[in-house]
Every structure is written in structure tokens, then in C-alpha cells.
Amino acid sequence: MKNLLVELGDRSYPIYIGSGLLQQPELFKKHIKSKQVLVVTNTTIAPLYLDRLLKNLSGYTVETVVLSDGEQYKTLETVSTIFDKLLTCKFSRNATLIALGGGVIGDMGGFAAACYQRGIAFLQIPTTLLAQVDSSVGGKTGVNHPLGKNMIGAFYQPQCVIADADVLDTLDDRELSAGLAEVIKYGLIRDIHFFEWLEDNIGLLLARDKAALAYAIEQSCLNKAAIVAEDETETGVRATLNLGHTFGHAIETGAGYGTYLHGEAVAIGTCQAADLSRRKGWLTDADVVRIIALFNKANLPVTPPTQLDAQHFLELMTVDKKNIDGKIRLILLSQIGLATLPGYVDQTLLELTLRHYGRQ
Ligand code: NAD
Ligand code: GLY
């Protein structure tokens with residue numbers, strides 16, 4: 001088992017990565033300080049892993065909430081059903097919430113934990129690759145609004161993250177690839193060696209080679225933990241984790257939540273960001289080809305949906321947490337392995353990317 005640390009002073013917490021972690025009750029006991037425990041999961045994950053998790057929780061008073069599965073349910077209404085359960089079962093302020101699932105469950109469970117009685121403890125048990133390499137780490141929690149992705153939320157750190165690589169066995173190939181989009185992101189924004197490793201090993205990752213997956217999860221979490229430790233609330237460098245996300249969120253919202261997987265939209269958005277970085281003169285044509293090739297090899301889409309025209313894209317991109325006074329700010333690449341901080345973009349260049357990248 002690997003044990004990484006997200007260093008945030010008295011709110012520091014470990015990320016455990018390894019095999020068989022869902023069968024280690026002592027790991028749970030170490031981080032649950034209450035008698036009352038609420039497990040939040042969904043209809044897909046419950047039949048697969050809920051019993052395995054519950055076996056670790058004998059001796060606690062455990063309740064479960066099984067939510068509908070899907071990005072379209074990542075809403076305030078759904079979070080409200082978690083509050084209903086907590087209140088109906090008379091859960092106190094010292095209770096613990098366990099989020100068992102992918103990024104949707106982790107974001108909503110964390111948000112419910114942040115809000116219930118102004119904050120109860122919570123554990124992240126990520127079950128998708130995307131959640132293990134990104135969403136479970138760093139304390140971003142929240143829900144979508146019909147007008148904008150992740151626009152309602154809170155920064156709220158978990159007690160620990162328990163990433164059991166075994167659960168990825170049941171993840172379908174499309175979801176595995178979606179997780180790889182965020183893995184590739186770390187290479188692009190700050191780790192050229194990892195990017196090169198991914199170019200060489202993407203086939204092994206797609207074949208679910210255990211050692212390759214473990215390495216990719218660990219490197220991703222190391223990169224994310226370092227960024228979060230430096231900038232927990234995104235006043236600076238943390239924003240680089242949003243490479244491609246302003247385009248990607250516009251795709252998710254514009255196409256309807258759940259049409260594109262988050263990682264798929266991020267893959268397309270990152271290729272658009274690369275195209276814009278080339279138009280700025282920062283990346284070469286060869287760099288962009290190289291980036292698109294890696295996403296392609298990871299079986300990810302690289303071109304935006306045809307029904308989203310440039311005007312609609314622009315409107316959707318004006319709803320983004322990086323914007324200031326309603327003006328779009330983007331993360332771009334100054335080279336492969338180095339992202340820029342958020343910056344205002346030349347509208348003409350942005351429109352060229354929106355009109356021409358992937359449109360021929
Ligand atoms: P998801 O949570 O929807 O999970 C994907 C699908 O896989 C779901 O159908 C889920 O039920 C299923 N699933 C989960 N684990 C499984 C398993 N082990 N076996 C079989 N099926 C399984 O999607 P995701 O890609 O994990 O997360 C995407 C969400 O994460 C988005 O809402 C995105 O905004 C959010 N996100 C948040 C952060 C953050 O920092 N908080 C970062 C990145 C993404
Ligand atoms: N996934 C972006 C962040 O955690 O900041």
C-alpha cells in the first residue's frame with residue numbers, strides 16, 4: 001500500500017492507494033471518530049461494493065443512501081435527499097459520511113458533509129479511475145446547476161482517501177478512458193516525464209496492467225497533492241488543474257449532462273486549449289499533434305460536438321469559476337509539461353479555435 005499525504009496543516013490527510021484496501025477494517029477505524037456513519041453511494045456501485053465496505057463497519061451505527069446513478073443527478077435536489085436521511089436518522093454533528101463512488105458521488109457526498117450542521121467528517125472511497133486520480137483529492141465538492149457545471153459548491157477536505165485499485169476491475173472501458181483524460185492532464189500541466197511515460201505506456205493502462213495503473217494513480221495523486229498543498233482554494237496554481245475544463249464544461253452543459261463523460265469532455269477541451277496555445281505561438285504544430293495522438297490512443301474523443309457552434313460555446317464559457325467580471329479566463333500550455341496561470345484570451349484567437357479546431 002502507498003500512503004501519500006495532502007499537506008494542509010492541521011487538515012492534512014492521507015491518500016491510501018493499493019489493492020484490497022476495502023478489506024482493511026483498521027484503515028476505516030483509524031479515520032472514523034464517531035458512532036454514527038452514513039454511507040452515500042449509487043445504484044450501480046451498491047450491488048458491487050456496498051457489502052464489502054459495510055463489513056469494515058461492524059460496531060458502528062450505519063445508515064446508507066443509495067442515489068440514482070448519473071451526472072444528471074448531481075443536483076441540489078439529490079443532495080437534499082442526503083440531508084433528509086441525516087435528519088431522519090438524527091445524525092449528530094460528530095457523525096461521519098462515507099462517499100463510496102465516482103466523482104459524482106464524491107462531489108455530492110463531500111458537499112453534503114460540508115453543509116450538514118455546517119460540517120461533518122467525511123471519507124472519500126473513490127471507485128472510478130477519475131475519482132482515484134483527481135476528484136477525491138483536494139476537497140472540491142459540489143453540484144451542477146442547469147446553467148453551469150459545478151457552480152454550487154464548497155472547499156471541504158476529507159479525513160482520508162482510500163483508493164482500492166481492485167474496484168477498477170468492474171469499471172467499463174469507456175469510464176477507464178475518461179479517467180485517463182485527467183491522468184494525461186497532470187503530464188501536460190506540470191510533469192513532462194510523466195507525459196512521456198504515458199506516451200510509452202498508454203497501451204498497458206488500457207489493458208489494465210496492475211503495475212502501470214498503480215504507477216499512474218500514484219503519480220497523479222502526487223501531482224495533485226502537491227498543487228493542493230500549495231494552493232488549496234485556487235487563488236493561483238490550482239487553476240492549472242482546469243486545463244481544458246472551460247471548453248469541457250461548456251461541452252458537458254451544452255450537450256446535456258451525462259451525454260459526454262466528464263473525462264471525454266475534458267479530452268476534447270484540452271485539445272481545443274492546445275490548439276489555442278498553438279495560435280498564441282506557444283505550442284508547435286508537432287506539439288498539438290502529439291497531444292491529440294495521446295488522447296486518441298487513450299480512446300478519447302478529440303473533436304467538439306458539431307451541434308455546439310462557436311457562439312453557443314462562447315455563451316457557455318462565460319459561466320465558469322475562473323472568469324472575472326464575466327470575462328473568460330483560460331489555462332493554456334506554454335509547452336508540453338507547463339501550463340499557464342489563468343489569463344484573459346484574445347477573443348479573435350479563441351473564436352478561431354472554436355470555429356476551426358476539429359470542424360473540418
Ligand atoms: P461518475 O461518478 O459518474 O462515475 C462513472 C460511472 O461509473 C457511473 O455510472 C458510476 O456509477 C460507475 N462506477 C463507479 N465506480 C464503478 C466501479 N468500480 N465499477 C463499475 N462502475 C462504477 O463519474 P466520474 O468520472 O467518476 O466523475 C465525474 C465527476 O467528477 C464529474 O461530476 C466531475 O465534475 C467531477 N470531478 C470533480 C473533481 C473535483 O476536484 N472535485 C475533479 C474532477 C472531476
Ligand atoms: N479538478 C480540479 C481541482 O481539483 O482543482
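This one's a predicted model, so the numbers in the text were calculated from it and none came from an experiment. Both counts, for ligands and for their atoms, begin at 1 and track the order of listing.
- Of the protein's heavy atoms, D107 OD2, 3.4 Å lies nearest to atom 35 (C) of ligand 1.
- Side chains of K74 and N150: a donor on one and an acceptor on the other come within 3.5 Å.
- A donor-acceptor pair shorter than 3.5 Å can be found between the side chains of T75 and T78.
- Each of Y344 and W282 belongs to its own hydrophobic cluster when Ile, Leu, Val, Met, Phe, Trp and Tyr are linked at side-chain heavy-atom distances under 4.5 angstrom.
- From the protein, the heavy atom lying nearest to atom 38 (C) of ligand 1 is S135 CB, 3.2 Å.
- The proximity of D69 to ligand 1, defined as any non-hydrogen pair under 4.0 Å, is limited to the side chain.
- Remark: ligand 1 atoms within the under-4.0 Å shell around heavy atoms of Y49 are 18 (N).
- Residue contact check: T44 has heavy atoms under 4.0 Å from atoms 11 (O) of ligand 1.
- Nearest to atom 1 (N) of ligand 2 by heavy-atom distance, out of D134, D107, N150, is D134.
- Under 4.0 Å from ligand 1, the heavy atoms of H262 that appear belong solely to its side chain.
- The closest approach between any non-hydrogen atom of L48 and ligand 1 is below 4.0 Å.
- Here is the list of ligand 1 atoms found below 4.0 Å of a heavy atom in D134: 42 (C), 43 (C).
- Taking every non-hydrogen atom of N150 and a distance limit under 4.0 Å, the qualifying atoms of ligand 1 come out as 34 (O).
- Put simply, no part of H245 is less than 4.0 Å from ligand 2, judged by heavy atoms.
- G103 N, 3.5 Å is the protein heavy atom nearest to atom 24 (P) of ligand 1.
- Among E175, R238, K140, K74, the residue whose heavy atom sits closest to atom 5 (C) of ligand 1 is E175.
- Nearest non-hydrogen protein atom to atom 4 (O) of ligand 2 is K224 NZ, 2.5 Å.
- In this structure, a donor-acceptor pair under 3.5 Å is present between the side chains of T96 and S34.
- The shortest contact between atom 26 (O) of ligand 1 and any protein heavy atom is with T128 OG1, 2.6 Å.
- Using a 4.0 Å cut-off between heavy atoms, T141 makes no contact with ligand 1 at all.
- At a cut-off of 3.5 Å, with distance as the only test, a side-chain donor of S19 or D166 sits close to an acceptor on the other residue.
- Annotation: side-chain contact (heavy atoms from CB on, under 4.5 Å) contacts of K297 (sequence neighbours excluded): I202.
- Taking the six-membered ring wherever Trp is involved, the centroid distance between the rings of H262 and Y257 does not fall below 6.0 Å.
- Between D231 and T235, the side chains place a donor N or O and an acceptor N or O closer than 3.5 Å (distance only, hydrogens not considered).
- Counting atoms of ligand 1 from 1 in the listed order, those under 4.0 Å from a heavy atom of E71 are 29 (C), 31 (C), 32 (O).
- With hydrogens left out, the protein atom closest to atom 40 (O) of ligand 1 is K224 NZ, 3.5 Å, a heavy atom.
- Remark: F91 pairs with no residue by the ring pair (Phe, Tyr, Trp, His ring centres under 6.0 Å) rule, at least two apart or across chains.
- With hydrogens left out, the protein atom closest to atom 1 (P) of ligand 1 is V104 CG2, 3.8 Å, a heavy atom.
- Inspection of the D69 and T43 side chains reveals no N or O donor paired with an N or O acceptor under 3.5 Å.
- Note: no N/O pair closer than 3.5 Å links V137 and ligand 1 by distance alone.
- Side chains of Q157 and E232: a donor on one and an acceptor on the other come within 3.5 Å.
- Surrounding NZ of K33 are more than 12 heavy atoms belonging to other residues, nucleotides or ligands, all under 6.0 Å away.
- Taking a cut-off of under 4.0 Å to the non-hydrogen atoms of R238, the atoms of ligand 2 that pass are 3 (C), 4 (O), 5 (O).
- Between E252 and ligand 1 there is no heavy-atom distance shorter than 4.0 Å.
- If you check the side chains of N144 and E71, you find a donor sitting under 3.5 Å from an acceptor.
- Atoms of ligand 1 lying under 4.0 Å from any heavy atom of N42, numbered from 1 in the order shown and given with element: 10 (C), 11 (O).
- Counting protein heavy atoms only, atom 20 (C) of ligand 1 is closest to T170 O, 3.1 Å.
- Residues R278 and T284 have side chains that never bring a donor and an acceptor to within less than 3.5 angstrom of each other.
- Note on L76: it clusters hydrophobically with L87, by side-chain heavy-atom contacts below 4.5 Å among ILVMFWY residues.
- Nearest protein neighbour of atom 34 (O) of ligand 1, counting heavy atoms only, is K149 NZ, 2.7 Å.
- Taking a cut-off of under 4.0 Å to the non-hydrogen atoms of E182, the atoms of ligand 1 that pass are 43 (C).
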